[in-house]
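All heavy atoms count here, side chains included; hydrogens, waters and symmetry mates do not. Keep in mind it's a predicted model, so treat the numbers as computed, not measured. In what follows, residues are counted from 1 in the order of the sequence shown.
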Amino acid sequence: MKKRAIVLIIDSLGVGHMEDVVRIRPQDQGANTFYHILDKAENISIPNLSRLGINKIVKHPRLNGNTSIASYGVLNLQHYGADSYAGHQEIMGSKPMKPLMEPFKNSMMTVKRALEEQGYVVAVPDRDKPYLFVNELVIVADNIETDYGQIYNITAPLDAISFDEVLKIGNIVRNNVQVNRVIALGGKELSVETLINSIERRGDGLVGVNSPKSGVYKSGYQVRHLGYGVDPEKQIPSILKKAGKEVALIGKMQDIIQCEGATKVVAIDTEKVMKEIINTVDRMNEGLIAATVQETDLAGHAEDVSRYSEKLMIVDKYLEMIIEKMEKDDLLIISADHGNDPTIGHSQHTREKTFLLAYGKALDSKPLGERETLSDIAATIAEYFDVRYPQNGHSFYRLIKGDHFV
């Protein structure tokens, strides 16, 4: 008998701003990524998300019908801001900690000294756009694609330096700063000149590489997220591995979530992510398949409604195949990690609630209400597999299993 939990995170597909944005993120007032894409995109068709019940949540006139084969609800963000890393940690059962927020320039000289003590040659080439240039190859600067002062990037051309060496630099930075996250990343077929020419100063003063513009994602992309305050042993993937279950992390999920012994599949292309889910369903007997579609988030950053809708339709097409392959005891959960409304007037993440769809062929379709945290996903998977609960979250499994299970 097969028993798989499939978690699909459609990165940045929010369903309406959190109530607290009026106070802490006024630029996100009115954000509603999913609704506004349906408003603005031409010829968008998502029949499988509609069949699952997305219109029970989004309630848009372009979606036909108001039925649902899945249980449905809304999840609030418990993490501060609107961040993919923090959102994914929350999804997997971590209780979020409020991060320190400061621009890289505040700690730049401390990091410079620490790198020099380890033998690196470090320059500050442009005082008007402060960043570190390490060994004339690697750029250390702000992440300009997310919330102010929460993330620093270490960006490198991997034809000229190994990713292991980039990680060494990343760990030195991590040990000398107190922000939420440090990201070490790099790509091939990427020149140092292109990276330098992609350095920008955004409106709030942060300075860093514009990653999509630089082309770092196009060839040989590698990344490692170095966070703080996260204990993987208290998250559902590690709990399941220790209980003898299989764990597969696909796409951006494997960049962000740590789980010793998990199968990891690198994938940015949306179609590849969805095909890898299907391939893993075909081979796995029991365990967790967790995947993230990243290109929706990239489309949000680009403020490109058309591109966003194209990626969403690819997801929808493959959902039909996933549902067909599911067996009686399988569980499919679909959600997001925050918003990124391409119509809101800025190119950053938006602090939005996320939709929740939970489907199984032997499960009920019930309203799950508005829930406190993304961690309810991890808690539900724990109850589904009858394993130790993660650090955070409340299960909704008993609500949807009805009388079908003894």
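Salt-bridge annotation for K129 and D126: absent, with no side-chain N of the basic residue lying under 4.0 Å from a carboxylate O of the acidic one. Here R202 does not pair with D142 in a salt bridge; the nearest charged N to carboxylate O distance is not below 4.0 Å. The residues R398 and E383 are annotated as salt-bridged, a charged nitrogen and a carboxylate oxygen being separated by less than 4.0 angstrom.
There is no side-chain donor-acceptor pair under 3.5 Å between E145 and N153. With 3.5 Å as the limit, one finds a donor-acceptor pair spanning the side chains of Q235 and Q89.
In terms of heavy atoms, V305 sits closest to A41 at CG1-N, 3.7 Å. Considering every non-hydrogen atom in both D376 and F396, the closest pair reads O-CE2, 3.8 Å. In terms of heavy-atom proximity, G81 sits nearest to L77 at O-CD1, 3.9 Å.
A donor-acceptor distance shorter than 3.5 angstrom exists from the side chain of D204 to the backbone of L206, with no hydrogens or angles considered. Side-chain atoms of T296 come within 3.5 Å of backbone atoms of D11 as a donor-acceptor pair (strictly under, hydrogens ignored). Counting only distance, with no hydrogens or angles, the side chain of E90 and the backbone of L374 share a donor-acceptor pair below 3.5 Å. Judged purely by atom type and a 3.5 angstrom limit, S71 uses its side chain to pair as donor or acceptor with the backbone of D364. Of the possible polar contacts, none joining the T194 side chain to the L190 backbone as a donor-acceptor pair under 3.5 Å is found. With hydrogens and angles disregarded, a donor-acceptor distance shorter than 3.5 Å links the side chain of K366 to the backbone of L399. No donor-acceptor pair under 3.5 Å is formed between the side chain of K325 and the backbone N or O of I278.
For K188, the side chain to side chain contact (heavy atoms under 4.5 Å, CB included) partners two or more places apart in sequence, or in a different chain, are L158, D159, S219.
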* To do: List the steps, then state whether side chain to side chain donor-acceptor pair (under 3.5 Å) holds for H225 with D255.
  => CA-CA 7 Å; H225 295 252; D255 298 342; 5.0 Å; no
* To do: Given salt bridge (Lys or Arg N to Asp or Glu O under 4.0 Å), test E320 with R51 step by step and report yes or no.
  => CA-CA 10 Å; E320 182 175 17; R51 183 161 63 106; 5.5 Å; no
* List the steps and the verdict of side chain to side chain donor-acceptor pair (under 3.5 Å) for T343 and K40. => CA-CA 9 Å; T343 73; K40 303 294 184 183; over 6 Å; no
* To do: Take Y120 and K168 through the test side-chain contact (heavy atoms from CB on, under 4.5 Å) and record every step on the way to the result.
  => CA-CA 11 Å; Y120 293 97; K168 288 179 184 178; 3.8 Å; yes
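The stretch residues 227-239 participates, sequence neighbours left out, in these salt bridge (charged side-chain N to carboxylate O under 4.0 Å, His left out) pairs: E233-K242. Applying the ring-ring contact (aromatic ring centres under 6.0 Å, His included) definition to pairs two or more places apart or across chains, those involving residues 91-110 are F104-Y152. Among residues at least two apart or in separate chains, ring-ring contact (aromatic ring centres under 6.0 Å, His included) pairs with a member in residues 317-350 are H301-H349, H338-H349. The stretch residues 155-189 participates, sequence neighbours left out, in no ring-ring contact (aromatic ring centres under 6.0 Å, His included) pair at all. Applying the salt bridge (charged side-chain N to carboxylate O under 4.0 Å, His left out) test to pairs two or more places apart or on separate chains, those with a residue in residues 332-358 are E19-K353, D20-R351, K353-E370.
Other residues, nucleotides and ligands place no more than 12 heavy atoms under 6.0 Å from the CD atom of E372. A 6.0 Å sphere centred on NZ of K2 holds more than 12 heavy atoms belonging to other residues, nucleotides or ligands. Within a 6.0 Å radius of CG in N43, no more than 12 heavy atoms belonging to other residues, nucleotides or ligands are found.
From I377, atom CD1 reaches atom CD1 of I91 across 5.0 Å, with rounding to the nearest 0.5 Å. To the nearest 0.5 Å, atom CG of residue L13 and atom CD1 of residue I37 are 6.0 Å apart. A distance of 10.5 Å separates CG of L185 from CD1 of I139, quoted to the nearest 0.5 Å.
Between Y397 and Y384, the ring-plane angle classifies as perpendicular under the 30° and 60° cut-offs.
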